[in-house]
Protein chains: 2
Amino acid sequence: MSANARDTILAAAARLIAREGARRLTLDAVAAEARLSKGGLLYHFASKDDLIRGLVETLVAQFDAEVETNSVPGTPGAWTRAYLDATVKAPVPGTDAHATREASGHGPALGSTGIAAAVANNPSLLEPVREAYRRWQRNLESDGIDPVTATIVRLACDGLWYTDLIGLDPLPGPLNHAVISRLRAAATCAHRTETATTLPADENQPR
Amino acid sequence: MSANARDTILAAAARLIAREGARRLTLDAVAAEARLSKGGLLYHFASKDDLIRGLVETLVAQFDAEVETNSVPGTPGAWTRAYLDATVKAPVPGTDAHATREASGHGPALGSTGIAAAVANNPSLLEPVREAYRRWQRNLESDGIDPVTATIVRLACDGLWYTDLIGLDPLPGPLNHAVISRLRAAATCAHRTETATTLPADENQPR
DNA sequence: GTGACTGTACCAACCAGACGGTACACCACT
DNA sequence: AGTGGTGTACCGTCTGGTTGGTACAGTCAC
């Protein structure tokens, strides 16, 4: 068992949701997946809602931390680009990024699972997400670049999350790469002083 | 009771999900909302999955119809712009567009409710959505404009759906309008012949 | 036209299983 | 002996789905 039983349980819950859907997130199933009895599980999370709250809050906290890590303040659009990078790097269960995080001891890799669980069980548990988005939107709009461009980058990132959440086919690799490059370029050059800005595309710009 | 009992039931289910969340989508609750007994409900939809399948398929069909209506083929990017318009016009339960559709006899207004129900209950019911997205992505990539731009428009649209699905604050009206105008402009001017395209912004372009 | 029969629409009552949650015993370690 | 952590057993409720009907409109042979 890992140093932190809570993380073990959250990771088990995330795996379960990723594999079998939010419907199958039952206390019994989570306990089994985490190799724990239901009693043991309920010692760490007082209720099912509490467990989902843990998933959601961990997700938000991890995303915030990722943005923080990627952000190099100073240049306009830095926060927006960090937001983009954090989205792209988000560890979707079943991918390399997932396994990497899982193995590196930086907490469980959750992907969209917490969102799915909250939507399925109790939408009011999404309140931390709503609150985080208010904060993120504020940061995007005051990032030194055109707020419309920053918001489009955000929406496109949300689109990537949406794709993960409902299990759509991921974009083909080259297209995905080109899209990210384009968004990144847009968040670099969209000066807020202009009313009408252009979003230059530079598909092969290295990171 | 409306001419079509199935539509009545689907609308009731959508209202229920919008009001109380996908968790509350029980056969008893849907029956009560539709003023019907559970037996009567199960006469029209053989199972709960069948009901959710109805929600999902109706959603996809309505969206397709909306795109079809908005699309004026001929100019490059026409399909992409129609996709954008269909997203923006999608009747979210509880809004004007919702009530309008509901009253106009064009079938129930579903918003994201079918997606939420499928995510919550049985992700495999999302297969029609996945299939639709494959089709939509093909259309976007062969719309006579730069595929990267078209895909970004799609992702931003998905972001708007995501916002609806998890109940985030909608964008402030002016920003929302500016974002849509910008996306629309991008889907108008991004010629596919160029490797690197620009996305001119024209925030006050009338529709 | 009338009685036998059929198909559609709906309903009330019930059931078996799943699920969240509780109670409490147990055990290792300090 | 006490505390953190875990396991077992159980309970009440919820819920999807089944069963066995009712009501009634249509239709078709006679």
Side-chain angles (χ1 to χ4, degrees), chain A residues 1-17 19-56 108 113-114 116-126, chain B residues 1-17 19-57 107-108 113-114 116-126:
Chain A
M1 181 76 64
S2 90
N4 189 339
R6 280 180 64 100
D7 280 354
T8 305
I9 293 168
L10 290 176
R15 279 198 307 277
L16 200 61
I17 296 169
R19 206 173 59 228
E20 311 192 33
R23 183 70 195 287
R24 303 282 182 203
L25 187 79
T26 67
L27 295 180
D28 283 308
V30 173
E33 179 79 21
R35 290 172 208 281
L36 198 68
S37 70
K38 192 155 75 161
L41 168 60
L42 283 164
Y43 174 78
H44 293 284
F45 294 95
S47 67
K48 188 178 180 180
D49 276 3
D50 199 34
L51 173 64
I52 297 172
R53 209 171 293 128
L55 285 171
V56 169
T113 56
V119 167
N121 284 277
N122 187 349
S124 73
L125 298 175
L126 289 169
Chain B
M1 184 74 68
S2 89
N4 189 339
R6 280 179 65 99
D7 280 354
T8 305
I9 292 168
L10 290 176
R15 280 198 305 277
L16 198 63
I17 296 169
R19 207 173 58 229
E20 311 191 33
R23 182 70 196 287
R24 301 283 182 207
L25 187 79
T26 66
L27 294 180
D28 282 308
V30 173
E33 179 79 21
R35 290 173 209 280
L36 198 69
S37 71
K38 191 157 70 164
L41 168 60
L42 283 164
Y43 173 78
H44 292 284
F45 294 93
S47 68
K48 190 178 180 181
D49 276 4
D50 198 35
L51 173 65
I52 297 173
R53 209 172 291 127
L55 285 171
V56 169
E57 284 171 1
T113 56
V119 167
N121 284 276
N122 187 349
S124 73
L125 298 174
L126 288 169

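Treat the numbers as computed from the prediction; the structure is a model and nothing was measured.
Residues B/G21 and A/P123 share a closest heavy-atom pair of CA-CG, 3.9 Å. Contact between B/L16 and B/A29 at its shortest, heavy atoms only, is CD2-CB, 3.5 Å. Scanning all heavy atoms of the two residues, the minimum distance from A/A22 to A/A116 falls at CB-O, 3.8 Å. Looking at every heavy atom in both residues, A/G114 comes nearest to A/V56 through O-CG2, 3.7 Å. Considering all non-hydrogen atoms of both residues, A/I17 and A/T113 come closest at CD1-O, 3.7 Å.
Contacts between residues 43-54 of chain A and DNA chain C, counted as heavy-atom distances below 4.0 Å, involve A/S47, A/K48. Across residues 19-26 of chain A, not one residue has a non-hydrogen atom less than 4.0 Å from an atom of DNA chain D.
Applying the side chain to side chain donor-acceptor pair (under 3.5 Å) test to A/S124 and every residue at least two apart in sequence or in another chain returns A/N122. Looking at residues two or more places apart in sequence or on another chain, you find a side chain to side chain contact (heavy atoms under 4.5 Å, CB included) between A/L126 and A/I115, A/A118, A/V119, A/V129, A/R130, B/I166.
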Please list each protein N or O that sits under 3.5 Å from an N or O in nucleotides 11-15 of chain C, with the distance.
{"residue": "C/dC11", "atom": "OP2", "partner": "B/S37", "partner atom": "N", "Å": "2.7"}
{"residue": "C/dC11", "atom": "OP2", "partner": "B/S37", "partner atom": "OG", "Å": "3.1"}
{"residue": "C/dC11", "atom": "O5'", "partner": "B/S37", "partner atom": "OG", "Å": "3.4"}

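When rounded to the nearest whole Å, the span between CG of A/D28 and P of D/dT8 equals 12 Å. Taking atom CG of residue B/L16 and atom P of nucleotide D/dT15, one finds them 11 Å apart after rounding to whole Å. Rounded to an integer number of Å, the gap from CZ of A/R6 to C1' of D/dG5 is 15 Å. Separating the CG atom of B/L27 from the P atom of C/dC10 is a distance of 16 Å, rounded to the nearest angstrom. Atom CG in B/L42 sits roughly 18 Å away from atom P in C/dT8 (whole-Å rounding).
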Q. For A/I52 and A/L25, what are the C-alpha separation, side-chain angles and deciding distance, and is it a side chain to side chain contact (heavy atoms under 4.5 Å, CB included)?
A. CA-CA 10 Å; A/I52 297 172; A/L25 187 79; 4.0 Å; yes
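In this structure, the side chains of B/F45 and B/L10 come closer than 4.5 Å at one or more pairs of heavy atoms.
The side chain to side chain donor-acceptor pair (under 3.5 Å) contacts involving residues 22-33 of chain A comprise A/R15-A/E33, A/R19-A/E33, where partners must be two or more places apart or lie in separate chains. Applying the salt bridge (charged side-chain N to carboxylate O under 4.0 Å, His left out) test to pairs two or more places apart or on separate chains, those with a residue in residues 39-50 of chain A are A/D50-A/R53.
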